[in-house]
Amino acid sequence: MTTYAQLIRPHVQQELDAAASAEARGQFSTAFMDEAARTAEQPPGLRSLGAFAALAAVAALLAGCMSAPKDLDVSLSKPTAAGAYQVTLLPPAQQAPINQMHGWKVQVATPQGVPVQGAKFKVGGGMPQHGHGLPTQPRVTRELAAGTYQIDGMKFSMTGWWEVKLAIEGPQGADEVTFNTVIANPQVRP
Amino acid sequence: MTTRRAKWLAAAVAAVAVTALAAQEAAKLPLRDRWSAQDTAALASMRLKEAGPRLPDPSNAYENHTGAAGFGQALFNDPRFSRNGKVACATCHAADRQFQDGKRFGEGIATGNRRTMPVMGIANSPFLFWDGRKDSAWSQALGPMEDPAEHGGNRTRFVKLVQAHYKGSYQPVFGALPDFGKLPDDASPGGTPAERAAWAAMGEADRDAVNRVFANMGKAIAAFERGIAYGESRFDAYAQATLAGDGRGQQALSAQEVRGLRLFLGKGQCVTCHNGPQLSDHAFHNTGVPPVDRAKPDRGRAEGLRKLLKDEFNCLGRYSDAKPDQCGELQFLNADDASQLAAFRTPSLRNVAERAPYMHAGQFATLEQVVQHYAASPKAVLGHSELAQPGDKHEGRLPIRLSAAEVQDVTAFLGALTGPVVQPPPRVR
């Protein structure tokens with residue numbers, strides 16, 4: 001698991017915490033901000049987000065899906081195809097309801113774990129088993145902190161295996177990575 | 001109250017509650033039909049109550065205004081808003097016919113080229129019409145008014161009708177009607193050549209004022225339509241009973257309907273797109289439905305996207321009440337996806353048995369034919385069908401294979417999705 005050092009200003013961290021706690025209550029913001037990228041200035045603090053990603057992956061596995069391949073790699077932290085970057089996807093702590101627009105976060109670092117700032121992204125994906133793409137065209141709307149970016153406009157219209165593809169352009173050149181995620185029905189409440 | 005008395009009372013209340021619960025348990029039968037955890041979760045997610053309160057439409061500031069809804073109801077039923085004075089919204093969206101017309105093609109001034117969709121559930125869908133060319137209920141309502149095959153009217157004539165007949169309904173909601181100078185009788189940016197010329201000759205301020213009143217008519221109609229919704233069906237009662245462990249409640253569905261429901265969730269793959277409380281993913285899919293004219297197949301969503309983006313009445317347009325960041329569906333519109341060619345919106349399956357004929361151009365007369373179409377999964381005439389073809393090696397996706405008896409079972413189950421139509425009482429005139 002890559003240790004991820006990042007620089008987050010306190011007010012940005014507050015915003016992230018507030019969003020996480022709203023998501024934990026089942027409230028997903030569909031709004032987004034197209035403001036200029038905010039970069040970090042504060043002294044470095046160490047945060048491990050790997051455990052969070054692993055938890056989300058396990059939850060996705062447990063949820064299961066009849067049609068998803070059994071050996072599907074649902075890890076949310078992996079190197080890009082040519083190894084230029086290490087990328088970690090951060091879905092909301094609680095899966096957003098089907099068909100509700102929401103945001104994800106993505107962290108990009110060098111293979112050595114140094115956050116990559118000012119990267120440009122193309123977000124794509126879809127359901128490989130169904131031959132259709134994402135119902136929306138998500139995009140990175142801002143850099144929240146050094147190497148941490150906000151993806152807005154995510155939406156899944158059905159349960160099952162979805163791919164989330166990122167084409168990344170940064171100082172180490174262009175590279176791409178494909179993540180798998182399995183969207184399940186929520187826990188039953190009578 | 002002393003602490004001792006309070007404790008005694010609490011104990012007594014608890015005892016009564018336990019007894020009542022025991023009596024209730026005794027009245028229950030064990031589950032007749034058992035479902036896997038995964039299927040139970042799917043059943044739970046398909047209950048109508050999962051839809052929750054209707055989603056707000058930030059682009060319509062008047063959607064919860066009762067005065068607007070009353071005005072909208074009057075407009076919905078008023079045939080004067082048409083070229084021949086005989087076509088109202090209610091002509092094709094009849095309150096006693098599931099707010100649709102039961103015909104292959106809509107019939108207004110002339111015959112259209114697509115099947116009329118029902119009004120119920122529109123607040124739940126981000127895009128409207130079979131091709132999703134509109135992104136709100138109010139903007140949708142404006143389309144047919146100027147469509148030459150439907151109302152065949154034009155916006156200056158409509159504004160004059162509002163001035164003549166609905167000043168008293170309009171002004172308390174939307175404010176004073178603008179003082180139009182000399183408006184042409186018939187003008188519109190999308191009408192006949194004469195109407196387009198008259199529109200082009202109007203001043204910018206007049207055009208804007210006419211558009212504003214026209215948009216407000218749509219917002220009033222949408223406020224009325226917001227009160228029209230699907231009610232719970234036998235399926236909802238069954239799903240609820242299954243979750244509550246209530247075998248007696250499961251009798252809401254017959255054995256054949258339950259077999260159909262299992263196929264719906266399983267190898268019939270229906271739930272792939274017909275999911276959630278409206279039994280629709282609100283997305284667009286090409287499933288190889290045969291076009292009416294093979295030489296000129298309907299391009300569906302691919303064309304709808306083009307129209308949506310240049311629509312002056314969309315969420316980002318000047319007549320929308322939404323802030324740009326509330327227009328997520330447009331801001332993050334996936335306009336560049338080859339799978340949208342000849343793709344059509346997944347319709348809700350609620351009350352579907354009351355709504356023959358089926359598909360975007362009424363291609364199938366019965367639900368059985370629809371299910372048979374999916375069992376056959378033919379190749380698409382235009383674009384690519386998402387359905388795996390028999391013998392196809394789709395990654396992890398099996399072709400839909402249903403026997404004749406299974407087609408009957410799925411068809412029977414679809415009949416269990418019928419519930420009442422919730423609608424506002426008729427307006428007192």
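Below, read A as the first sequence line, B as the second, and so on, with proteins coming before strands; counting in each chain starts at 1.
Put simply, NE2 on A:His132 and CG on B:Asn286 are 12.0 Å apart, with the number rounded to the nearest 0.5 Å. One distance of note links OG1 of B:Thr272 with CE of A:Met127; it measures 8.0 Å at 0.5 Å rounding.
With B:Phe332 as the fixed residue, the side chain to side chain contact (heavy atoms under 4.5 Å, CB included) test singles out one of A:Asp152, A:Val123, A:Leu134: A:Asp152.
Annotation for A:Glu169: atom CD does not count as buried by contact number, only 12 or fewer foreign heavy atoms lying within 6.0 Å. More than 12 non-hydrogen atoms from other residues, nucleotides or ligands lie less than 6.0 angstrom from NZ of B:Lys307.
Inter-residue side-chain proximity for B:His285 and A:His130 is flagged as unmet; no heavy-atom pair is nearer than 4.5 Å. Side-chain contact between B:Asp281 and A:Phe156 is absent, with no heavy-atom pair separated by less than 4.5 Å. Here the side chains of A:Met158 and B:Cys273 are in contact, with some heavy-atom distance below 4.5 Å. A 4.5 Å side-chain heavy-atom check between B:Asn275 and A:Thr159 finds every atom pair outside the cut-off.
If you check the side chains of B:Asn334 and A:Thr136, you find no donor sitting under 3.5 Å from an acceptor.
Contact of B:Glu329 with chain A is made through backbone and side chain together, with heavy-atom distances under 4.5 Å.
Most heavy-atom pairs under 4.5 Å with chain A, from the set B:Ala338, B:Ser339, B:Ser280, B:Ala283: that is B:Ser339.
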Pair A:Asn99-B:His282, side chain to side chain contact (heavy atoms under 4.5 Å, CB included): steps then yes or no:
CA-CA 8 Å; A:Asn99 255 323; B:His282 306 298; 3.8 Å; yes
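Judged by distance alone, with hydrogens and angles left aside, the side-chain atoms of A:Asn185 form no donor-acceptor pair with the main-chain N or O of B:Met46 at under 3.5 Å.
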